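Some notes on the structure that comes next.
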Amino acid sequence: MSATVKSGQETEQRRTKGAGRGRRAGAARRTRTVRTKGGLSLRLEPRALWTGLLLLALALAAGVALIGSGDYPMTPAEVIATLTGGGDAGRQFVVQDLRLPRVLVGLLVGAAFGTAGAVFQTVSRNPLGSPDVLGFAQGSSVGALVVIVFFQGGGFAVAAGAVVGGLATGLGIFLLAWQRGIHGYRFVLVGIGAGAMLYAMVLYLLTKANIVEATRATTWMTGSLNGRDWSQVWPPAAVCAVLVPLLLCHGRALRMLEMGDDAAAALGVRVGRVRVVVLIAAVVLVSVATAAAGPISFVALSAPQLARRLTGSPGSNLLPSALMGAALLVAADWSSQRLFGADQLPVGVLTGVLGGGYLLWLLATERRAGRI
């Protein structure tokens, strides 16, 4: 009898060890590490890579569809031919001067919101840690409204006011949340309180405006890509070209921060420095994106969550979040033009409706999981 029990225990141990080796082998097959001669290494996860390529294709396809939409419709083949130098002068004017800047602003703004949302949610370790919730969009709105109501500024001045308002809001939240560093839950709570106060300031500024200024301010606050030209493409392009690679270089550190400050510090991450650098970069991205297209809501909240579910990968998923944000915003802009007949909606209205529904679903999911 004892021999039989012992034999059964040994069999179970071998089975457990075999299962453990199988899980490790499966994880090894799912993740590949590429090393360079200079000592740098890059982890590649095939599912995340294919998801990123799919999102890139969707974003570009949505952009082509958006360029082909409007009073002068074009097929995707005609759009691609015109973008590559073909087509007559009229088609070149419609595509190059009227529609391409709008699509590029949408792609850049969506990518900026998606990347910034991934950073905020990673640092706060909270799926609700989004610029929409934490007050940064409201801060940019206050800056823009001050320029509109009190200075009657033009488009460039309004954009500059939005950037200054967003950066000032970020600085204020950092100072209020700082206590031997910036910690996730304190940062979220301070941001929510700041957002409520700033929204009250928005309402006050609207009461001080005359009918023309109030209409202009309300239109800007809705969030729209209408009427975008090449002068509004270059600022978000330059900021994304600098800050998105910077954040990608901090991807490993952000992944360590998700395990907690103590674990990250034990693994060699300079927690305070990394957190400040990535948050400042994310605030600048949000401010410039808001200046370019207005406070388009819920893209920064939903893009990182959807990207993480598609990749099935832990961590910040910065690049998939950027691609998801770009695809979401351009697809939403196309939908707002095509799905409502002659009554075209600003893209911010559609993202607000869809994002509000997603937020309710997310809250219900978190409640069922016992996290709230």
Side-chain angles (χ1 to χ4, degrees), residues 30-32 34 42-70 73-87 91 94-96 98-118 225 228 233 236-237 239-241 243-245 247-248 251 285 289 292-293 296 298-339 347 350-351 354-355 358:
R30 290 193 298 269
T31 303
R32 298 179 181 178
V34 178
L42 176 65
R43 295 182 62 201
L44 295 178
E45 298 182 9
R47 178 174 171 178
L49 178 61
W50 286 111
T51 300
L53 293 175
L54 176 62
L55 290 174
L56 177 60
L58 288 175
L60 295 178
V64 170
L66 182 57
I67 291 175
S69 302
M74 288 180 281
T75 65
E78 291 173 339
V79 171
I80 294 173
T82 306
L83 290 174
T84 54
R91 189 174 294 169
V94 170
V95 171
Q96 301 288 350
L98 298 182
R99 297 180 181 175
L100 183 58
R102 175 183 185 141
V103 171
L104 292 178
V105 170
L107 291 172
L108 292 167
V109 168
F113 279 136
T115 306
L225 297 175
R228 295 303 179 264
V233 173
V239 170
C240 287
L243 295 185
V244 171
L247 290 171
L248 290 176
L285 280 174
I296 297 175
F298 289 113
V299 174
L301 173 69
S302 58
Q305 294 295 316
L306 294 175
R308 177 174 292 191
R309 282 172 169 78
L310 287 178
T311 61
S313 174
S316 53
N317 288 283
L318 293 177
L319 190 56
S321 297
L323 296 173
M324 176 63 77
L328 282 178
L329 187 54
V330 176
D333 194 34
W334 178 86
S335 301
S336 66
Q337 291 190 58
R338 302 290 295 178
L339 300 182
V347 65
L350 186 59
T351 60
L354 297 178
Y358 174 79

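Because only heavy atoms are used, hydrogens play no part in the values below, and waters and symmetry mates are left out as well, while side chains stay in. Since we're looking at a predicted model, the values are computed, not measured.
With E78 contributing its side chain and T75 its backbone, the two residues share a donor-acceptor pair below 3.5 Å. Formation of a donor-acceptor pair under 3.5 Å by the T84 side chain with backbone atoms of A81 is found in this model.
G114 and A303 make their closest contact through CA-CB, 4.1 Å (heavy atoms, listed as atom of the first residue, atom of the second, distance). Between V299 and F113, the shortest heavy-atom distance links the atoms CG1-CB, 4.0 Å. Closest approach of L350 and S336 over heavy atoms only: CD2-N, 3.8 Å. Considering all non-hydrogen atoms of both residues, L225 and G106 come closest at CD1-CA, 3.7 Å.
Note: L306 CG to N317 CG = 11.5 Å, rounded to the nearest 0.5 Å. Note that CG of L318 is 11.0 Å distant from CG of L323, once rounded to the nearest 0.5 Å. In this structure, L319 CG and L247 CG are separated by 11.5 Å, a value rounded to the nearest 0.5 Å. The CD atom of Q96 lies 12.5 Å from the CZ atom of R91; values are rounded to the nearest 0.5 Å.
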inquiry  = Let's go through V103 and R228 carefully: what are the C-alpha distance in whole Å and the side-chain angles of both, what is the deciding distance for side chain to side chain contact (heavy atoms under 4.5 Å, CB included) to 0.1 Å, and is it a yes or a no?
reply    = CA-CA 9 Å; V103 171; R228 295 303 179 264; over 6 Å; no
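Using a 4.5 Å cut-off on side-chain heavy atoms (C-beta onward), V94 and M74 make contact. No side-chain heavy atom of P320 sits less than 4.5 Å from a side-chain heavy atom of L310. Taking 4.5 Å as the limit, every side-chain heavy atom of T115 sits out of range of all side-chain heavy atoms of S321.
The side chain to side chain donor-acceptor pair (under 3.5 Å) contacts involving residues 101-110 comprise R102-N226, R102-D333, where partners must be two or more places apart or lie in separate chains.
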Would you mind writing out the side-chain donor-acceptor pairs for residues 48-69 within the sub-3.5 Å range, not counting sequence neighbours?
from	atom 1	to	atom 2	distance (Å)
T51	OG1	R47	O	2.7
S69	OG	A65	O	2.8
S69	OG	W334	NE1	3.1

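Each of L104, L108, L285, L107 was evaluated against P236; a single residue qualifies, L108, per the side chain to side chain contact (heavy atoms under 4.5 Å, CB included) test.
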